[in-house]
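Position 1 is the first residue of the sequence, and the numbers go up from there. Whatever order the structure lists ligands and atoms in, that order sets their numbers, starting from 1.
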Amino acid sequence: YYPWGYDSDNGPDQWHKNYPFAKGRHQSPIEINNKDVHYDSSLLPWFASYDPGAAKTILNNGKTCRVVFDDSFDRSVLRGGPLPGVYRLRQLHFHWGSSDDHGSEHVVNGVRYAGELHLLHWNPKYSNYLDAKRRTDGIAVLAIFLQVGETPKPEMKRILEEINAIKTKGKNAPFPNFDPSILFPKSHDYWTYHGSVTTPPCEECVTWIILREPIIVSSDQMAKLRSLSKNAENEPNHPLVDNWRPTQPRYFRMVSASFL
Ligand SMILES: NS(=O)(=O)c1cccc(F)c1
Ligand SMILES: [Zn+2]
């Protein structure tokens with residue numbers, strides 16, 4: 001058994017061997033190009049109602065830095081936008097590159113951002129998260145691009161300060177009292193399309209809500225993310241970088257925009 005990853009021998013081009021969904025026709029991420037985007041005036045605004053008390057732990061699973069939330073009831077929810085009802089916040093995580101000029105999963109008009117923040121929510125009409133992942137309307141991911149700039153968002157500091165406690169795979173630390181909506185940019189303008197989870201098994205269960213406005217992080221903050229290791233404490237050090245999947249064919253999918 002050889003775990004999937006982002007290296008040449010276990011990376012995105014190999015995933016389909018153990019995870020056949022990876023070759024599906026509704027895969028993510030994709031390129032978002034203005035020429036293919038359709039403005040949909042009927043799209044509603046989205047709303048996040050998060051309880052800071054739902055935040056539990058921050059962890060390094062060797063593939064990303066993740067913050068997990070209590071999703072045992074409708075405590076922190078996302079609703080509106082393209083969604084048919086409320087979706088429960090379960091975790092947030094990041095994808096980033098080995099340098100500031102790449103690292104995001106979605107690419108916008110040819111622009112790669114330094115990273116991408118994903119807030120993962122599941123549809124409570126299904127009995128649990130794993131069941132929701134088997135449904136086309138099971139998951140909603142709110143995606144926010146990380147752009148390197150001079151005036152970083154101070155709210156990112158809380159997450160990055162915890163990085164020192166989770167340097168290696170398997171480490172986790174308490175992460176109480178955190179409302180991830182403080183990370184949101186000013187504008188709620190978004191693109192939306194139907195796709196997949198960007199990591200194996202790559203189920204096609206995701207309603208993507210991708211914010212047009214990136215959040216600004218500093219180059220030092222990106223370096224902090226890159227200081228994470230994909231290995232466990234007592235193993236040879238391998239930096240956790242380039243944990244992003246390349247863009248997949250869009251095929252006949254429509255990307256809708258909430259803005260003109
Ligand atoms: N990268 S992602 O598509 O947000 C994702 C990763 C893992 C699980 C999941 F449900 C979604
Ligand atoms: Zn992700």
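For the pair Arg90 and Tyr129, the cation sits on the ring face: its NZ or CZ lies under 6.0 Å from the ring centre, inside 45° of the axis. Geometrically, Arg66 does not engage Phe175 in a cation-pi contact, judged by NZ or CZ lying under 6.0 Å from the ring centre and within 45° of the ring axis.
The nearest protein atom to atom 11 (C) of ligand 1, hydrogens excluded, is given as Leu120 CD1, 3.0 Å; this is a heavy-atom distance. Residue, atom and distance of the protein heavy atom nearest to atom 5 (C) of ligand 1 are Val197 CG1, 3.7 Å. Protein heavy atom nearest atom 1 (N) of ligand 1, with residue, atom name and distance: Thr198 OG1, 2.7 Å. Given atom 7 (C) of ligand 1, the protein heavy atom at minimum distance is Thr199 OG1, 3.5 Å.
At a heavy-atom cutoff of 4.0 Å, ligand 1 is contacted by the side chain of Tyr129 but not by its backbone.
The aromatic ring centroids of His95 and Tyr6 lie 6.0 Å or more from each other.
No donor-acceptor distance shorter than 3.5 angstrom exists from the side chain of Ser104 to the backbone of Arg112, with no hydrogens or angles considered.
In this structure, Arg90 has no heavy atom closer than 4.0 Å to ligand 1. Under a 4.0 angstrom heavy-atom cut-off, Trp208 registers as being in contact with ligand 1. Distances shorter than 4.0 angstrom occur between a heavy atom of His93 and an atom of ligand 1. Judged by the shortest distance from any of its heavy atoms, Trp122 lies outside the 4.0 Å radius around the atoms of ligand 1.
Using bins of under 30°, 30° to 60° and over 60° for the plane-to-plane angle, the ring pair Trp191/Phe259 lands in the perpendicular bin. The aromatic rings of His118 and His106 stand perpendicular to each other, their planes meeting at an angle above 60°, with 30° marking the opposite boundary.
Here the options are Asp7, Thr168, Asn237, the test is side chain to side chain donor-acceptor pair (under 3.5 Å), and the partner is Lys230; only Asp7 passes.
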> Taking it one step at a time, do His194 and Asp137 satisfy side chain to side chain donor-acceptor pair (under 3.5 Å)?
Replying inline: CA-CA 9 Å; His194 188 266; Asp137 62 348; over 6 Å; no
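A donor-acceptor pair shorter than 3.5 Å can be found between the side chains of Asp71 and Trp122. In this structure, a donor-acceptor pair under 3.5 Å is absent between the side chains of Asp220 and Ser218.
Atoms of ligand 1 lying under 4.0 Å from at least one heavy atom of His95, given by number and element, are 1 (N). Which parts of ligand 1 touch His118 is read off a 4.0 Å heavy-atom cut-off, strictly below it: atoms 1 (N), 2 (S), 4 (O).
Geometrically, ligand 1 and Arg66 share no nitrogen or oxygen pair separated by less than 3.5 Å.
In this structure, the separation between CG on Leu119 and CG on Leu117 is 4.5 Å, given to the nearest 0.5 Å. Distance CH2/Trp244 to OG1/Thr64: 15.0 Å, rounded to 0.5 Å.
The distance cut-off of 2.8 Å around the Zn ion (ligand 2) captures these protein N, O or S atoms, sorted by chain and number: His93 NE2, His95 NE2, His118 ND1.
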